[in-house]
Amino acid sequence: MSAAQATAPRTTGALATLRAEPAYARLLLGGFISGVGDWFNTVALLGLLLRLTGSPLAVGASLAIRSAPRLLLAPAAGALADRAPRKLIVVACDILSVLAALSFLLVTDASRVWLVWVGLTALVALGAFREPARAGITPALVRPESLAGANALEGMAGGSVMLLGAALGGLVSSWLGPDLAFIINAASFAISAALTLSVAIPRTPPTRARGLAALVEASAIIRRSPALRLLLALAILWPVGGGATNTLISVYGAQVFHAGDQGIGTLYAAIGVGLLLGGLVAPRFAHRPQLALAAAFVADGALQVAASRAPWLGLAALGIGLSTVAAGIGNANASTILMRESPPDAIGRVFALEDALSSVTFTLSVIASGALLSVIAPRTLGALAGAIIAIGGLLTALAARRMLWDEG
């Protein structure tokens with residue numbers, strides 16, 4: 001924790017931030033609308049692939065595509081976010097996403113399935129450039145006392161997007177056809193671009209570092225900050241368990257509790273509600289973000305262990321929902337630490353670097369979990385994954401206490 005952070009002004013709550021920061025509220029609304037559109041697109045696209053190919057492998061390939069471009073483009077995306085106007089990057093990515101989303105309208109039969117891979121890769125690549133730029137906008141746009149509330153709102157928006165987008169996207173695609181879902185997704189990006197254009201965003205002085213030197217500079221910034229080093233360690237450690245717990249959602253719903261798609265939907269709904277509640281209460285813990293981060297992930301892991309032993313679907317949903325509340329608190333505080341500790345001209349690169357490392361670990365965990373499920377019972381894997389998350393939280397707590405002791 002820096003000296004500036006120790007004397008930070010009183011934190012504004014999540015809902016109060018909406019009233020206190022109208023410009024940020026418009027930016028958040030744009031991200032929320034495009035997020036809902038993304039879920040419309042995801043549901044419709046997965047259904048279209050199954051109908052045209054009849055192969056679950058095609059669905060798996062579409063999910064894999066969502067990770068690869070992010071990993072490859074993260075360094076370049078972070079460097080660009082710290083050199084070019086971030087507002088321009090976000091708007092340009094939204095406009096290009098409109099075209100990518102509309103490309104799915106051309107997929108009319110199995111011979112054109114290749115267009116799915118092209119369009120999906122384009123959307124994910126554009127998202128990889130949009131996210132670091134948007135992360136850099138937030139601390140420049142809101143007052144210091146509103147930063148924790150803004151990050152909490154991001155988590156709440158993520159939960160709302162999951163609840164609304166998945167449910168409404170499935171209804172629209174099944175009743176009115178996937179083409180309408182693709183058009184709605186394209187329109188959501190256009191609305192997001194218009195809302196972002198309406199926001200006056202202070203220009204952050206660009207970094208002078210270029211190419212590899214920009215990444216080396218970002219790595220040096222992380223090494224100099226104990227709090228950022230803590231985040232980096234957790235970004236690598238948490239997904240080891242988090243990838244497994246995410247893989248187990250469908251397994252729990254369909255196989256462990258024999259509730260089919262309804263069981264899967266119930267567990268995902270619990271996650272959405274958990275993200276909403278976690279964002280709502282996260283600012284209450286912003287005065288000690290490192291300790292809040294550690295405690296949140298200890299609770300997350302412990303509740304995942306409890307969910308893995310639940311005898312009924314309802315209890316599992318409760319455990320997973322509460323674990324997501326804890327994870328939401330942890331994620332909001334992690335974002336606040338990153339934005340407070342990173343220099344304004346380096347936020348994009350620091351965000352992209354930690355996100356890339358987290359994505360690598362998460363992807364490897366998902367792959368490993370799929371393989372382990374052939375030899376380990378789902379409940380056993382869930383308990384192990386929860387224990388890994390809790391241990392990561394305990395290690396974070398020890399490191400955070402050491403930092404506070406050194407500063408005191």
Side-chain angles (χ1 to χ4, degrees), residues 60 63-64 66-67 71 162 230-259 263-275 278 292-331 333-334 354-400:
L63 296 175
R66 297 174 189 276
S67 297
L71 304 181
M162 180 178 290
L230 191 69
L231 283 189
L232 184 64
L234 197 58
I236 296 172
L237 183 58
W238 179 85
V240 174
T245 58
N246 276 264
T247 302
L248 286 166
I249 295 298
S250 58
V251 178
Y252 282 157
Q255 298 180 7
V256 174
F257 296 107
H258 307 289
I264 297 172
T266 297
L267 296 179
Y268 273 113
I271 292 174
V273 173
L275 288 173
L293 178 67
F297 285 113
V298 171
D300 178 15
L303 287 163
Q304 287 287 351
V305 173
S308 73
R309 315 314 300 172
W312 308 297
L313 175 64
L315 284 177
L318 178 62
I320 289 172
L322 291 174
S323 77
T324 310
V325 172
I329 295 171
N331 289 334
N333 279 281
E354 296 203 349
D355 184 59
L357 291 173
S358 179
S359 296
V360 168
T361 310
F362 187 87
T363 301
L364 292 175
S365 176
V366 168
I367 294 171
S369 299
L372 285 172
L373 283 171
S374 63
V375 294
I376 297 178
R379 290 183 183 274
T380 302
L381 182 60
L384 289 172
I388 290 172
I389 295 172
I391 290 170
L394 288 172
L395 294 175
T396 302
L398 292 174

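Start at 1 with the first residue, then count along the sequence.
Ser365 places a side-chain N or O within donor-acceptor distance of the main-chain N or O of Ala244, the cut-off being under 3.5 Å. Side chain of Arg379 to main chain of Tyr252: no donor-acceptor pair is present (N/O by atom type, distance under 3.5 Å, no hydrogens or angles).
The shortest non-hydrogen separation linking Pro239 to Leu234 is CD-O, 3.7 Å. Nearest heavy atoms, Ala307 versus Ala316: CB-O, 3.9 Å. The minimum heavy-atom distance between Pro378 and Val251, with the atom names listed, is CG-CG1, 3.7 Å. Taking all atoms of both residues into account, the shortest heavy-atom contact from Ala334 to Leu293 is CB-CD1, 3.9 Å. Scanning all heavy atoms of the two residues, the minimum distance from Val305 to Ala383 falls at CG2-O, 3.5 Å.
Here the side chains of Thr245 and Ile320 are not in contact, with every heavy-atom distance at 4.5 Å or above. For the pair Leu394 and Leu398, the minimum side-chain heavy-atom distance is 4.5 Å or more. Two residues are said to be in side-chain contact when any heavy atoms from C-beta on lie closer than 4.5 Å; Leu373 and Leu248 meet this criterion. When side chains are defined from C-beta on, Leu357 counts as touching Leu232, because their heavy atoms get closer than 4.5 Å. Residues Leu313 and Leu267 are in side-chain contact: their nearest non-hydrogen atoms beyond the backbone lie under 4.5 Å apart.
Residue Ile271 holds its CD1 atom at 7.5 Å from CG of Leu275, rounded to the nearest 0.5 Å. Once rounded to the nearest 0.5 Å, the distance linking CG of Leu381 with OG1 of Thr247 reads 8.0 Å. Of the inter-residue distances, the one linking Phe257 atom CZ with Trp312 atom CH2 reads 10.5 Å to the nearest 0.5 angstrom. Once rounded to the nearest 0.5 Å, the distance linking CG of Leu237 with CD1 of Ile388 reads 8.0 Å.
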Quiz: residues 296-304 side-chain donor-acceptor pairs under 3.5 angstrom, not counting sequence neighbours:
residue	atom	partner	partner atom	Å
Asp300	OD2	Trp238	NE1	3.2
Gln304	NE2	Ser323	OG	3.1

